[in-house]
Asks: 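Below: one structure in structure tokens.
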Amino acid sequence: MEIREGLPDDLERLIDFMELVDNEFVPPLSLQPGGIYERVSGNLAKVDSNFLIGESNGRVVGVVGYRKNWNGIEEVLGEAYISFIAVHPGYRGQNIARLLDRALAKKLCPGWVTHVNVTTWSTNPGAYRMYQQLGYVVSKTLKDHRGPGVDTIYFRKSLK
């Protein structure tokens, strides 16, 4: 698998990938403010945000989106936020998320980024477990933030 930075020409491929995993998110990406198109076009190949794309034989098998100087809630210099991470359903269980996370840390660490933040929801035990295995720790929980019984969970990892 090759991991590379997103390019403007990747817009449609990233939209297709997000549409594939859309309903795995709470709420679905297509129902979040701006929808999928704005999520991709607003972050693709920008100075402070982009996507790392994992490809195998020309197929997108995993993607991680990030934004520098943001912690998921507010602007914070020296921090980054994972705005999206997913692995193609047919390629799960192959450590692709771990490889994407490592590639992101490698990209961010030579500079001044000291921490990476990411959120998930309490009814997504797979993501919760994955973030813990990748070295993230819970930094904040917002009770019922995504609906009754669905908490938003903030994770944080040091790159130092």
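This one's a predicted model, so the numbers in the text were calculated from it and none came from an experiment.
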Asks: How about Glu19: does its CD atom have over 12 heavy atoms from other parts shown lying under 6.0 Å from it?
Replies: yes
Asks: Any heavy-atom pair between the side chains of Glu2 and Asn57 that's under 4.5 Å?
Replies: no
Asks: First locate atom CE of Met18, then atom CD1 of Ile36, and finally report the distance between them rounded to the nearest 0.5 Å.
Replies: 7.5 Å
Asks: Would you find a donor on one side and an acceptor on the other, under 3.5 Å apart, between the side chain of Asn71 and the backbone of Glu74?
Replies: yes
Asks: Please tell me if the side chains of Asp101 and Val64 come closer than 4.5 Å, counting only heavy atoms from C-beta onward.
Replies: no
Asks: Identify the heavy atoms of Ala45 and Gly6 that sit nearest to each other, and give their distance.
Replies: CB-O, 3.9 Å
Asks: Treat each ILVMFWY residue as a node, draw an edge where side-chain heavy atoms are under 4.5 Å apart, and state whether Leu20 and Val26 are in one component.
Replies: yes
Asks: Does any part of the side chain of Arg4, heavy atoms only, come nearer than 4.5 Å to the side chain of Leu52, both counted from C-beta?
Replies: no
Asks: Hydrophobic cluster membership, with links at side-chain heavy-atom distances under 4.5 Å among I/L/V/M/F/W/Y: are Tyr131 and Val150 in one?
Replies: no
Asks: Taking only residues two or more places apart in sequence, or in another chain, which ones meet Glu24 in a side chain to side chain donor-acceptor pair (under 3.5 Å)?
Replies: Arg92
Asks: For the CD1 atom of Ile3 and the NZ atom of Lys107, what is their distance to the nearest 0.5 Å?
Replies: 13.0 Å
Asks: Go through the structure and list residues passing ring-ring contact (aromatic ring centres under 6.0 Å, His included) with Tyr154, not counting sequence neighbours.
Replies: none
Asks: Using side-chain heavy atoms (C-beta onward) and a distance below 4.5 Å, is Lys140 in contact with Ile73?
Replies: yes
Asks: Please round to the nearest 0.5 Å and tell me the distance separating atom CG of Leu44 and atom CG of Asp9.
Replies: 9.0 Å
Asks: Please enumerate all residues that pass ring-ring contact (aromatic ring centres under 6.0 Å, His included) together with Phe17, with sequence neighbours excluded.
Replies: none
Asks: Do Met130 and Val116 sit in the same hydrophobic cluster, where Ile, Leu, Val, Met, Phe, Trp and Tyr count as joined when their side-chain heavy atoms come under 4.5 Å apart?
Replies: yes
Asks: Under a 4.5 Å cut-off applied to non-hydrogen side-chain atoms, are Asn43 and Asn50 in contact?
Replies: no
Asks: OG/Ser122 to CZ/Arg146 distance, rounded to the nearest 0.5 angstrom?
Replies: 9.0 Å
Asks: Would you kindly confirm whether Leu14 and Ile96 end up in one hydrophobic cluster when ILVMFWY residues are joined by side chain heavy atoms under 4.5 Å apart?
Replies: no
Asks: Which pairs of donor and acceptor atoms, one on a side chain in residues 84-91, lie under 3.5 Å apart (sequence neighbours left out)?
Replies:
residue, atom, partner, partner atom, Å
His88, ND1, Gly90, N, 2.9
His88, NE2, Arg59, NH2, 3.3

Asks: Arg67: what forms a side chain to side chain donor-acceptor pair (under 3.5 Å) with it, not counting sequence neighbours?
Replies: none
Asks: Name all residues meeting the side chain to side chain donor-acceptor pair (under 3.5 Å) criterion together with Ser30; count only those two or more places apart in sequence or in a different chain, and write none if there are none.
Replies: Asp22
Asks: List in chain and number order the residues that pass side chain to side chain donor-acceptor pair (under 3.5 Å) with Lys68, two or more places apart in sequence or in another chain; answer none if no residue qualifies.
Replies: none
Asks: Taking the side chain from Asn95 and the backbone from Arg98, do they hold a donor-acceptor pair closer than 3.5 Å?
Replies: no
Asks: If you draw a 6.0 Å radius around CD in Gln32, do more than 12 non-hydrogen atoms from other residues or ligands fall strictly inside?
Replies: yes
Asks: Quick check: do Asp151 and Leu142 have side-chain heavy atoms less than 4.5 Å from each other?
Replies: no
Asks: Any ring pair (Phe, Tyr, Trp, His ring centres under 6.0 Å) pairs touching residues 29-67, not counting sequence neighbours?
Replies: none
Asks: Could I get the full list of salt bridge (charged side-chain N to carboxylate O under 4.0 Å, His left out) partners for Arg156, not counting sequence neighbours?
Replies: Glu79
Asks: My understanding is that only residues two or more places apart in sequence, or in another chain, count here; which of them pass side-chain contact (heavy atoms from CB on, under 4.5 Å) with Val138?
Replies: Tyr128, Thr141, Ile153, Phe155
Asks: By the rule that ILVMFWY residues connect when side-chain heavy atoms come within less than 4.5 angstrom, directly or transitively, which residues belong alongside Tyr81?
Replies: Trp70
Asks: Roughly how far, to the nearest 0.5 Å, is the OG atom of Ser56 from the CE atom of Met1?
Replies: 8.0 Å
Asks: Indicate yes or no for a side-chain donor-acceptor contact from Lys157 to the backbone of Leu134 under 3.5 Å, with no hydrogens or angles considered.
Replies: yes
Asks: As an exercise, state the distance from CD of Gln94 to CG of Leu99, rounded to the nearest 0.5 Å.
Replies: 10.0 Å
Asks: Taking C-beta and beyond as the side chain, do Val40 and Leu11 meet within less than 4.5 Å on heavy atoms?
Replies: yes
Asks: List the atom of Gly54, the atom of Leu100, and the distance in Å for their closest heavy-atom pair.
Replies: N-CD2, 4.1 Å
Asks: Indicate yes or no: at least one non-hydrogen side-chain atom of His115 is less than 4.5 angstrom from one of Lys160.
Replies: no
Asks: Just to verify, what does Ala105 make a side-chain contact (heavy atoms from CB on, under 4.5 Å) with, not counting sequence neighbours?
Replies: Leu159
Asks: Kindly say whether Trp121 contributes a backbone atom to a donor-acceptor pair with the side chain of Asn124 at under 3.5 angstrom?
Replies: no
